[in-house]
Q: 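Structure incoming, see below.
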Amino acid sequence: MISIKNLTFSYKKSSHPVFEDLTIDFAKGFNVILGPNGAGKSTLVKAIFGLLEYEGQVFYDDLDITNLPLTEKIKKMSYLPQMDTNQSSLTVLEMVLLGRLPDLRRKVSDEDLNIVLNTMKSLSIDDLASRSFNELSGGQQKLVFIAQTLVRNPELMILDEPTNSLDLQRQLELCQLLKDIVSEKGLDLIVILHDINLAARYADNIVIINENGNFYDSGKPKEVINSEMLHDVYGVIGEVSIDGDNIPIISPRKSIRNR
């Protein structure tokens, strides 16, 4: 799927590179990027989508997309960054319909409308269709943006912390929906999450970056989530157990700084 070769990047105001000769391979399916604050997770997905000027190469399957124009990348992938609440007088339905651009015609087709309504229903926001977007809570607005991304039917979706500001039930529902979409549509997914337990439950593959922006490990959740990783990457002492669904569950005890 996505292969990153010798990625080097630094922000102009900083002499310290965020990444230096970083090489990572993402698997087909549901990928989660884990790592502590400041590891460069958001910078990495911006580079993949082509929003940064970097050294190195990015491949999508066998296609070198390093210098592919953004207009061409958008045909293959969609990217939802972290975002603050947005003020708009449009209704929720109109906001989600915007995700169908540039396919929309002057008159909205039945196909466009059905895709939008079904996507909103899957996210349990269909009852908000006639509400003004600026009346919604931050969590509801996030779900509208996610729906707007889903209706584009991309081959690859990149989501930066999509569960932020969502309550526990919505987090579980969203991750299950994403997993179902990956399974049913053959879509590939790269998601940044902070919740390790959520990542372990839903990811097909996990990529871990340490605080220095270096590749630490990748693989299936049971292969990479362990007490050694918690210590090395997060600076946390804790235990990892396996639950009734054969999924690793972390139980953090304390920071390694709290001796």
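Please read these numbers as outputs of a predicted model, since none were measured by experiment.
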Q: Say whether Asp180 and Gln176, considering side chains only, have a donor N or O and an acceptor N or O under 3.5 Å apart.
A: yes
Q: Testing Val151, Leu90, Val116 for side-chain contact (heavy atoms from CB on, under 4.5 Å) with Leu98, which one passes?
A: Leu90
Q: Side chain to side chain donor-acceptor pair (under 3.5 Å) between Ser255 and Tyr234: does it pass, once the steps are laid out?
A: CA-CA 8 Å; Ser255 165; Tyr234 288 95; over 6 Å; no
Q: Would Glu239 and Ser227 count as having a side-chain donor-acceptor pair, cut-off 3.5 Å?
A: no
Q: Say whether Asp112 and Ser109, considering side chains only, have a donor N or O and an acceptor N or O under 3.5 Å apart.
A: yes
Q: Just by distance, do the side chain of Asp243 and the backbone of Asp245 share a donor-acceptor pair under 3.5 Å?
A: yes
Q: What do you reckon, is CG of Asn114 surrounded by more than 12 foreign heavy atoms closer than 6.0 Å?
A: yes
Q: Could you check whether any side-chain N or O of Arg170 sits under 3.5 Å from a backbone N or O of Leu123, counting only pairs where one atom can act as donor and the other as acceptor?
A: yes
Q: Identify the heavy atoms of Ala199 and Pro221 that sit nearest to each other, and give their distance.
A: O-CG, 4.5 Å
Q: Is there side-chain contact between His16 and Ser10, with heavy atoms separated by less than 4.5 Å?
A: no
Q: Can you confirm whether more than 12 heavy atoms, excluding those of Asp127, are under 6.0 Å from its CG atom?
A: yes
Q: Any side-chain to backbone donor/acceptor pair from Gln140 onto Ser137? Under 3.5 Å, distance only.
A: yes
Q: Are the side chains of Met95 and Phe145 in touch, meaning some heavy atoms are under 4.5 Å apart?
A: yes
Q: Is Lys254 reaching over with its side chain to a backbone N or O of Val236, donor-acceptor style, under 3.5 angstrom?
A: no
Q: Any donor-acceptor pair under 3.5 Å linking the side chain of Asn210 with the backbone of Asn212?
A: yes
Q: So which atom in Ala147 and which in Ile125 form the shortest heavy-atom distance, rounded to 0.1 Å?
A: CB-CD1, 4.1 Å
Q: Taking it one step at a time, do Met1 and Asn31 satisfy side chain to side chain contact (heavy atoms under 4.5 Å, CB included)?
A: CA-CA 10 Å; Met1 204 257 287; Asn31 293 266; 3.5 Å; yes
Q: Given side chains that start at C-beta, do those of Ile2 and Ile24 come closer than 4.5 Å, heavy atoms only?
A: no
Q: If we ignore hydrogens and angles and just use 3.5 Å, is the side chain of Thr91 paired with the main-chain N or O of Glu94 as donor and acceptor?
A: yes
Q: Treating Lys222 as the side-chain partner and Ile247 as the backbone partner, does any N or O pair qualify as donor plus acceptor under 3.5 Å?
A: no
Q: Do Asn6 and Glu55 have a side chain donor and acceptor closer than 3.5 Å?
A: no
Q: Does the Glu161 side chain pair with the main chain of Gln82, one donor and one acceptor, at a distance under 3.5 Å?
A: no
Q: Is there a side chain to side chain donor-acceptor pair (under 3.5 Å) between Asn205 and Lys28? Walk through the geometry before answering.
A: CA-CA 8 Å; Asn205 183 67; Lys28 299 287 291 181; over 6 Å; no
Q: Any side-chain heavy atom of Leu156 sitting closer than 4.5 Å to one from Ile190?
A: yes
Q: For residues Glu155 and Asp61, determine if any side-chain heavy atom of one lies less than 4.5 Å from a side-chain heavy atom of the other.
A: no
Q: Do Val58 and Leu68 belong together in a cluster built from hydrophobic side chains that touch within less than 4.5 Å?
A: yes
Q: Using the side chain to side chain contact (heavy atoms under 4.5 Å, CB included) rule, take Lys185 and Asn153 through it: C-alpha gap first, then chi angles, then the decisive distance, then the call.
A: CA-CA 9 Å; Lys185 296 189 176 182; Asn153 290 325; 3.4 Å; yes
Q: Can you see which heavy atom on Val224 is nearest to which on Gly219, and at what distance?
A: CG1-N, 3.6 Å
Q: So do the side chains of Thr163 and Cys175 get within less than 4.5 Å of each other, counting heavy atoms only?
A: yes
Q: If you define the side chain from C-beta out and look only at heavy atoms, does anything of Ile74 sit under 4.5 Å from Phe49?
A: yes
Q: Can you see which heavy atom on Leu22 is nearest to which on Ile4, and at what distance?
A: O-CG2, 3.6 Å
Q: Are the ring centres of Phe26 and Tyr60 closer than 6.0 Å?
A: no
Q: Determine, using the 4.5 Å side-chain heavy-atom cutoff (strictly less than), whether Met229 and Ile242 are members of one ILVMFWY cluster.
A: no
Q: So that I can tick it off, tell me whether Lys179 and Asp204 are bridged by a salt bridge, with the cut-off set at under 4.0 angstrom between side-chain N and carboxylate O.
A: yes
Q: Between Leu80 and Ile158, is a side chain to side chain contact (heavy atoms under 4.5 Å, CB included) present by the stated rule, with each step listed?
A: CA-CA 6 Å; Leu80 181 65; Ile158 303 172; over 6 Å; no
Q: Just wondering, do Asp21 and Leu7 contact through their side chains at under 4.5 Å, heavy atoms?
A: no
Q: Do Glu72 and Lys75 meet the salt-bridge criterion of a basic N to acidic O distance under 4.0 Å?
A: yes
Q: Give the intermediate values and the outcome of side chain to side chain contact (heavy atoms under 4.5 Å, CB included) for residues Thr149 and Met157.
A: CA-CA 8 Å; Thr149 303; Met157 283 180 58; 3.8 Å; yes
Q: So, Phe9 versus Tyr54, ring centres under 6.0 angstrom or not?
A: no
